2 protein chains.
Amino acid sequence: MQEQRAVTRSERKEATRQAILDAALVLSADTGLGGLSLRSVAKAVGIVPTAFYRHFASIEELGIALVDEAFASLRKMLRDLRRDMDVQRVIDDSVAILARNVRERRGHFMFIARERVGGLPAVREAIRQELALFERELATDVARLPEMQPWTTEDLRVLANLIVGAMVETAEAIMTAPPGRPDIEREVVRTAERQLRMVVIGAANWQSSRDD
Amino acid sequence: MQEQRAVTRSERKEATRQAILDAALVLSADTGLGGLSLRSVAKAVGIVPTAFYRHFASIEELGIALVDEAFASLRKMLRDLRRDMDVQRVIDDSVAILARNVRERRGHFMFIARERVGGLPAVREAIRQELALFERELATDVARLPEMQPWTTEDLRVLANLIVGAMVETAEAIMTAPPGRPDIEREVVRTAERQLRMVVIGAANWQSSRDD
DNA sequence: AGTTTCGGTGTACGGATGTTCACTGAAATG
DNA sequence: CATTTCAGTGAACATCCGTACACCGAAACT
């Protein structure tokens with residue numbers, strides 16, 4: 001019965017590396033990355049503590065790997081967002097896409113939100129850089145919309161910063177709600193939609209009032 | 001020379017209690033409250049570890065006391081903000097007051113921002129409740145402005161939530177900048193002012209567009 | 001003046017943690 | 001087939017942690 005499965009050594013290594021990342025994501029939800037012990041991760045994965053060092057030199061290095069992994073999925077989200085850049089429906093769609101992604105990758109979002117402000121210094125810095133990059137990408141995407149042509153790059157930067165901030169806050173709000181309560185989440189989503197609408201309308205009017 | 005100074009026992013107790021709170025605020029900046037050890041606090045204060053229990057039953061209880069202390073100063077800020085509720089200058093003044101308070105009570109703001117998302121569950125919950133209360137107070141204050149009369153209470157809540165969120169984010173941004181750089185802080189303040197202006201103008205227009 | 005209260009002391013303990021080191025055995029290499 | 005590579009093992013260690021316990025001495029109380 002035993003099909004010949006060619007499990008190479010590097011495949012095995014990658015598998016336990018991923019298992020470490022997954023376990024760390026779950027365990028750090030309770031304690032934060034800083035309060036996460038190398039031994040508890042090893043126990044959860046099913047390896048001996050010292051084997052951890054075959055994959056990461058420290059918990060901090062593990063954290064940076066988790067930042068990379070989390071922002072890889074965030075970038076997928078930005079691709080979805082970029083696809084339907086319709087000015088009429090962009091707000092509702094964006095919030096919906098954000099909500100869906102938070103729901104599906106709750107662990108990653110919780111990790112980023114938590115370590116962004118409270119994490120180990122190196123991890124915190126890595127997140128800030130990724131978030132700043134994310135913000136710049138969003139700004140250039142928005143700049144392509146025809147009605148944004150008169151905007152200065154500085155104003156676009158401010159707007160992108162505001163939108164990313166609102167995203168982070170909305171993600172935090174969704175995360176705060178218990179996982180199995182779609183009604184609460186829907187309320188958060190509705191609030192976020194209204195707020196983003198306030199922001200966009202305000203930006204447009206403030207902009208036009210500056211033109212004259 | 002030795003003036004008769006009547007240091008009562010309760011005064012002494014209160015003094016070391018305050019010393020514990022101060023030390024905890026400083027030390028938790030590195031590790032977070034969760035990573036703060038009872039022993040390190042005791043050492044910083046100059047008492048023996050077990051003496052800690054004369055004041056707090058646990059680090060968690062210490063954390064909740066710190067939340068109370070931090071929001072006491074936050075409430076003072078709201079009182080300042082309430083004093084000059086002038087519609088023309090409210091945004092610039094609010095941001096200025098926020099910036100000044102963040103500068104003067106940096107430790108408290110850092111503590112709140114950090115533990116709000118990453119802290120021990122009980123501390124996190126205490127912060128959420130205080131922040132929600134703060135938001136409601138702000139909503140009723142804003143509701144008193146004459147031009148806000150047509151607004152529904154629900155819309156006021158959404159607006160207050162947005163403003164508090166922006167405040168938290170701005171405080172985080174100021175904190176992220178190194179303490180001795182007034183130029184960076186001024187840039188953050190300018191960005192925050194523009195963003196709040198976007199929000200308020202947007203809110204007004206969206207509101208009026210709903211009236212008709 | 002005698003007694004109680006109570007913040008702070010000092011010792012001691014069991015348990016968890018990060019890291020070291022020498023090792024094993026199977027996959028990879030040649 | 002002989003050799004090398006390397007993810008994972010297991011014991012040992014020094015260190016830090018929270019907490020229990022008996023104790024002290026001066027302020028507070030009666």
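Only this structure's heavy atoms are used, side chains among them; waters, hydrogens and symmetry mates stay out. Letters go in sequence order (proteins before strands), and every chain restarts at 1. Here the structure is a predicted model, which is why all the values come from computation and not from measurement.
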Practice task
Would you tell me whether B/Thr152 and B/Arg157 have side-chain atoms, one donor and one acceptor, within less than 3.5 Å of each other?
Solution key: no

Exercise for the section: Between B/Arg9 and A/Arg39, name the one whose nearest nucleotide on DNA chain D is closer to the 5' end. Expected result: A/Arg39

Practice task
Would you mind telling me which residue lines up with the more 5' stretch of DNA chain C, A/Ser37 or B/Gly46, judged by nearest nucleotide?
Solution key: B/Gly46

Handout entry: Sidechain-backbone polar pair: B/Arg114 side chain, B/Ser28 backbone, donor-acceptor under 3.5 Å
Key = yes

Exercise for the section: Using whole Å, report how far CG of A/Leu38 lies from C1' of C/dT19. Expected result: 9 Å

Exercise for the section: Could you list the residues that satisfy salt bridge (Lys or Arg N to Asp or Glu O under 4.0 Å) with A/Arg100, not counting sequence neighbours? Expected result: A/Asp80

Practice task
Rounded to the nearest angstrom, tell me the gap between atom NZ in B/Lys43 and atom C1' in D/dC17.
Solution key: 12 Å

Practice task
Taking atom CZ of B/Arg190 as the centre, report whether more than 12 heavy atoms of other residues, nucleotides or ligands fall under 6.0 Å from it.
Solution key: no

Exercise for the section: Nearest whole angstrom, please: distance from the C1' of C/dG25 to the CZ of A/Arg12. Expected result: 13 Å

Fill in the blank from the handout: Residue set satisfying salt bridge (Lys or Arg N to Asp or Glu O under 4.0 Å) with B/Asp92, at least two apart, ordered chain then number -> B/Arg197

Handout entry: Derivation and outcome, side-chain contact (heavy atoms from CB on, under 4.5 Å), residues A/Arg75 and A/Glu130
Key = CA-CA 10 Å; A/Arg75 247 159 251 303; A/Glu130 291 274 12; 2.9 Å; yes

Problem - Within residues 47-69 of chain A, residues whose heavy atoms come under 4.0 Å of DNA chain C - result: A/Thr50, A/Tyr53

Problem - Length of the line joining B/Ile20:CD1 and C/dG7:P, which is rounded to integer Å - result: 11 Å

